[in-house]
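A short write-up of the structure that comes next.
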Amino acid sequence: GIGIPKESMDKLFHPFQQVNSNKPIGSATTGIGLALTKELVELHKGFIWVESEVNKGSSFTVYLPVYYYNPQKDAQGVELSDNSEWVSMEVQMDKTSEHIQENRAKTSGSRPLILLVEDNAELRSFLRNELKTGFRIIESVNGQDGFTQATEKIPDLVISDIMMDKMNGIELCKKLKTDERTSHIPIILLTARHAEEVKLNGFETGADDYITKPFNMAILISRIRNLIEQRRKLRAIFSRRNNFDFTTIANKTDSRFLEKLNNVIEKNLSNPDFTPSMLASSMALSRMQLYRKVSALTNQTVYNYIRTMRLNKAAQLLVTTDMQIAEIAFSVGFTEPSHFTKCFIRQFRQTPSHFARVNH
């Protein structure tokens with residue numbers, strides 16, 4: 001087309017608005033086409049963006065969220081959630097093998113993973129059979145083995161008896177809550193003892209809930225789901241933020257973990273070859289441990305978290321410096337300015353140039 005003046009850009013998607021021009025703009029003259037398009041896109045939880053230059057033409061881009069299938073979600077109640085990510089209709093397939101592997105890991109095993117730590121084989125078998133329809137289950141026969149399983153598998157929740165050999169439930173809870181790898185995991189303690197002192201010890205070590213035997217299975221399942229849902233809501237809050245303020249996290253071990261994670265990433269922002277594997281090595285974790293920890297805290301894959309950090313730094317440089325956009329892109333680890341621009345729009349819903357112009 002003939003391009004759109006900057007002063008008309010803000011009104012472009014309003015109903016019955018037309019750009020003042022002596023030349024016809026397309027075949028529509030009523031001024032409802034773009035407004036209708038915007039409404040339809042937003043009904044699909046997407047957004048539309050325009051870039052234009054007078055006498056050169058206009059470029060419209062529509063972004064829509066891609067949803068990964070989750071059998072536990074109502075097909076009629078699709079929401080932008082853990083299982084979605086923004087992509088342009090100009091689909092850009094990321095060939096990075098680690099990114100692909102992480103997304104596969106993210107979409108596999110949609111049921112939460114629960115670790116049962118119980119030395120009584122009969123009770124352990126009963127719990128497994130009652131929970132297996134809604135959850136994936138791994139088991140340990142004592143606290144020591146439970147700690148090993150928890151640090152290796154990083155479950156979504158731990159259910160532990162208190163009275164056990166080698167390491168009791170109180171000791172296990174304390175170790176899990178003070179270990180950076182597992183400090184975020186909700187823990188339910190089970191015991192036959194009714195003493196208030198025992199319960200107090202459990203809560204003081206960081207236990208999230210406490211159930212006395214014998215217990216109602218429906219109540220246990222309800223508490224499991226509530227704790228997992230609370231964690232999911234916390235992740236959702238972080239996933240909607242462009243900057244992760246780890247100082248607001250109540251668990252000090254998690255706060256220290258994120259602070260350390262951010263420091264490592266910031267030191268490597270300019271390195272385009274910095275990968276999740278390299279980050280895991282710097283954090284002294286396996287890739288799976290790092291992935292599940294970062295996902296549990298931020299609702300992002302490690303790959304996406306690194307990219308978010310790169311883009312946040314770029315936004316800061318756009319506002320505080322006079323560096324060119326291409327220069328900023330290279331300084332935060334992007335090898336192609338065009339790819340940087342598309343990623344920036346996905347995160348901030350505006351182009352780098354517009355962001356700099358509005359915030360500088």
Side-chain angles (χ1 to χ4, degrees), residues 1-10 12-13 41 46-66 85-100 102-103 239-244 261-279 282 298 300-360:
I2 63 172
I4 303 165
K6 289 183 179 180
E7 60 270 18
S8 301
M9 297 276 276
D10 292 340
L12 199 59
F13 295 101
V41 169
F47 60 95
I48 186 169
W49 183 259
V50 60
E51 292 181 276
S52 185
E53 189 173 342
V54 175
N55 298 323
K56 288 194 175 182
S58 306
S59 174
F60 290 84
T61 304
V62 171
Y63 283 87
L64 297 174
V66 168
E85 71 173 39
W86 289 104
V87 296
S88 168
M89 289 185 69
E90 306 173 40
V91 181
Q92 299 294 320
M93 294 302 292
D94 197 319
K95 301 301 181 183
T96 306
S97 61
E98 295 191 85
H99 189 206
I100 294 171
E102 282 190 357
N103 278 317
S239 70
R240 289 194 292 268
R241 297 177 181 175
N242 289 326
N243 289 289
F244 299 102
L261 183 78
N262 289 357
N263 287 338
V264 173
I265 295 174
E266 286 174 4
K267 290 178 181 177
N268 292 276
L269 280 182
S270 61
N271 179 9
D273 299 319
F274 185 66
T275 64
S277 290
M278 295 166 67
L279 178 57
S282 299
T298 70
Q300 293 201 47
T301 66
V302 180
Y303 180 93
N304 287 340
Y305 188 84
I306 294 173
R307 185 173 62 189
T308 297
M309 292 281 292
R310 294 186 191 278
L311 293 170
N312 286 341
K313 182 63 176 180
Q316 179 185 343
L317 293 174
L318 284 168
V319 174
T320 59
T321 73
D322 293 321
M323 295 169 64
Q324 297 296 312
I325 291 176
E327 188 180 358
I328 289 175
F330 294 135
S331 72
V332 296
F334 285 85
T335 57
E336 296 181 5
S338 60
H339 180 58
F340 165 74
T341 298
K342 289 177 180 178
C343 291
F344 193 94
I345 293 173
R346 290 178 199 173
Q347 180 158 318
F348 295 100
R349 302 196 182 189
Q350 53 188 308
T351 62
S353 57
H354 184 266
F355 184 91
R357 190 164 57 247
V358 171
N359 296 284
H360 205 287

[X] to [Y] - nearest heavy-atom pair and separation:
| X | Y | answer |
| --- | --- | --- |
| L311 | F348 | O-CE1, 3.7 Å |
| L64 | G46 | CD2-CA, 4.2 Å |
| R310 | S270 | NH1-N, 4.5 Å |
| K313 | V332 | CG-CG1, 3.8 Å |

Heavy-atom distance under 4.5 Å between the side chains of [X] and [Y], does that happen here?
| X | Y | answer |
| --- | --- | --- |
| T61 | I345 | no |
| S353 | I325 | yes |
| N262 | Y305 | yes |
| Y63 | K342 | yes |
| L317 | E327 | no |
| T298 | T308 | no |
| P337 | F330 | yes |
| F344 | I328 | no |

Requested in this report: Look at the aromatic rings of F334 and F340 and report parallel, tilted or perpendicular, splitting at 30° and 60°.
Outcome: perpendicular
Can you tell me how far apart [atom1] ([X]) and [atom2] ([Y]) are? Round to the nearest 0.5 Å.
| X | Y | atom1 | atom2 | answer |
| --- | --- | --- | --- | --- |
| E53 | N55 | CD | CG | 8.5 Å |
| F13 | F47 | CZ | CZ | 11.5 Å |
| Q324 | L318 | CD | CG | 10.5 Å |
| I306 | F274 | CD1 | CZ | 5.0 Å |
| N268 | S282 | CG | OG | 6.5 Å |

Requested in this report: Could you go through the side-chain hydrogen bond (donor to acceptor under 3.5 Å, both in side chains) check for T351 and E51 one step at a time?
Outcome: CA-CA 8 Å; T351 62; E51 292 181 276; 4.5 Å; no
Requested in this report: Give me the one residue out of N263, I265, V264 that meets side chain to side chain contact (heavy atoms under 4.5 Å, CB included) with L261.
Outcome: I265
